[in-house]
Amino acid sequence: MEAMESRTEQGEAQISAALVQELKSLVDRPIRVMVVCGTQNRTLLKYGLEEVLPDNLDVVAGPGCSVCVMPAGHIDAFVKIGLQPDVITATCEDLLRVSGSRESLDSIRRKGAQVEVVDSPMEALDLARKFPDKIVVFTAVGFEGAAPDVAETILEAACQGVSNFCVIPSIRLLPPSLASLLRDPELNIRGLLFSSHIESITDSDAYANLARQHHLACAVAGFGINDILNGLIEIVRQVRGGRPLNENPFAGITPSEETARVQKMLSEVFFAVETDWRGLGSIEGSGFVIREELSLYDAVKRFNIRFLKGEEQIQCQCAEIISGRSTPNECPAFGISCTSQHPIGPCMVAQEGICASYFRYTYGRL
Ligand code: SF4
């Protein structure tokens with residue numbers, strides 16, 4: 001355990017040897033588990049869990065980084081809107097350096113476009129109030145867990161009549177993307193590990209149904225290393241027992257009244273349509289767009305922009321990595337032409353990107 005512990009910082013939790021032992025004693029057949037959440041994947045790498053997992057337990061990363069799954073054509077649309085006169089693009093830090101076909105929001109900022117980093121959609125709305133002679137465009141990138149804040153902000157803008165604010169809706173829904181991945185028999189996923197994150201207040205039934213339909217084991221865990229270990233133990237137990245999933249593992253995480261309130265708000269603002277994903281292609285019902293009644297707040301309609309097919313970086317294998325078909329160290333560019341200082345693809349740019357986590361915690365060791 002020495003190598004693992006040297007990668008954790010003083011005062012942080014350590015891997016429980018007892019849980020590792022329990023997991024080892026339970027794995028009696030090859031089992032491949034997809035860890036969907038980017039933060040949990042980062043924790044696994046940070047603590048060097050792959051060094052102590054049983055040989056028969058294969059843990060692969062899923063498409064759990066919302067910046068990474070954004071195809072080049074969508075970044076091109078952000079850039080195109082960001083270059084319009086009198087526009088301030090309000091975006092998250094992670095998205096800045098992700099390149100579209102040619103430019104990124106960071107590169108157009110260096111050429112004079114107004115691009116501001118914000119921590120939330122409400123902060124973007126504040127910018128709109130502060131600069132009434134500009135149009136503030138918020139790049140709403142995230143999974144369904146990010147959607148309630150965006151919906152709330154759009155409704156507040158509408159209620160207060162703030163007309164110089166709009167959103168590029170780029171929210172993606174994980175259940176349809178996972179369903180599309182799970183149809184690939186070569187991936188041979190037997191279990192899904194989710195985080196006890198905000199997904200539970202949007203549509204947790206969708207995750208539980210997905211696991212049932214594909215006869216998968218499924219568990220929900222927190223972000224700590226030992227929470228994740230417990231989640232893996234639960235999945236292995238379900239696989240061994242051959243039990244169908246008869247309970248929603250998200251049940252009880254969020255009060256049902258809160259889930260109902262959020263779902264109602266989301267349906268007032270958005271509806272789901274077919275959307276493009278990096279590495280996964282176009283998936284029916286996998287992205288939110290803004291309803292016609294709120295089209296003033298839809299930057300795509302306001303600027304008459306279409307999401308076109310962009311040009312991906314040819315040497316980058318993010319598409320294979322996002323879909324669990326490859327790992328970063330199998331990419332020829334990893335650690336050579338692609339590093340955290342000089343990232344090529346979004347999986348190295350984004351904090352939750354799996355290449356960034358590999359580079360930070362394993363480079364030089366694998
Ligand atoms: S290491 Fe860099 S080039 Fe290779 S897949 Fe990851 S982001 Fe793309």
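Atoms within each ligand, like the ligands themselves, are counted from 1 in listed order.
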Solution key, residues 297-304 side-chain donor-acceptor pairs under 3.5 Å, sequence neighbours excluded:
{"unit_1": "Tyr297", "atom_1": "OH", "unit_2": "Ala157", "atom_2": "O", "d": "3.4"}
{"unit_1": "Tyr297", "atom_1": "OH", "unit_2": "Val162", "atom_2": "O", "d": "3.4"}
{"unit_1": "Asp298", "atom_1": "OD1", "unit_2": "Val300", "atom_2": "N", "d": "3.0"}
{"unit_1": "Arg302", "atom_1": "NH1", "unit_2": "Ser163", "atom_2": "O", "d": "2.8"}
{"unit_1": "Arg302", "atom_1": "NH1", "unit_2": "Leu296", "atom_2": "O", "d": "2.9"}
{"unit_1": "Arg302", "atom_1": "NH2", "unit_2": "Ser163", "atom_2": "O", "d": "2.7"}

Donor-acceptor pairs under 3.5 Å, side chain of residues 115-126 to any protein atom, not counting sequence neighbours: which ones?
{"unit_1": "Ser120", "atom_1": "OG", "unit_2": "Glu123", "atom_2": "N", "d": "3.1"}
{"unit_1": "Glu123", "atom_1": "OE1", "unit_2": "Asp119", "atom_2": "N", "d": "3.3"}
{"unit_1": "Asp126", "atom_1": "OD1", "unit_2": "Arg129", "atom_2": "NH1", "d": "2.7"}

**Message:** So does Leu26 get a backbone contact from the side chain of Arg240, meaning a donor-acceptor N/O pair under 3.5 Å?
**Reply:** yes

**Complete:** Counting only protein N, O or S atoms and ignoring waters, those under 2.8 Å from atom 6 (Fe) of ligand 1 are Cys355 SG

**Message:** The test is side chain to side chain donor-acceptor pair (under 3.5 Å); show your working for Gln40 and Ser195 and say whether it passes.
**Reply:** CA-CA 7 Å; Gln40 287 180 329; Ser195 60; 5.0 Å; no

When the side chains of residues 185-193 are checked against the rest of the protein, which donor-acceptor pairs come out under 3.5 Å, sequence neighbours left out?
none

**Parallel, tilted or perpendicular: rings of Phe359 and Phe334 (30°, 60°)** = perpendicular

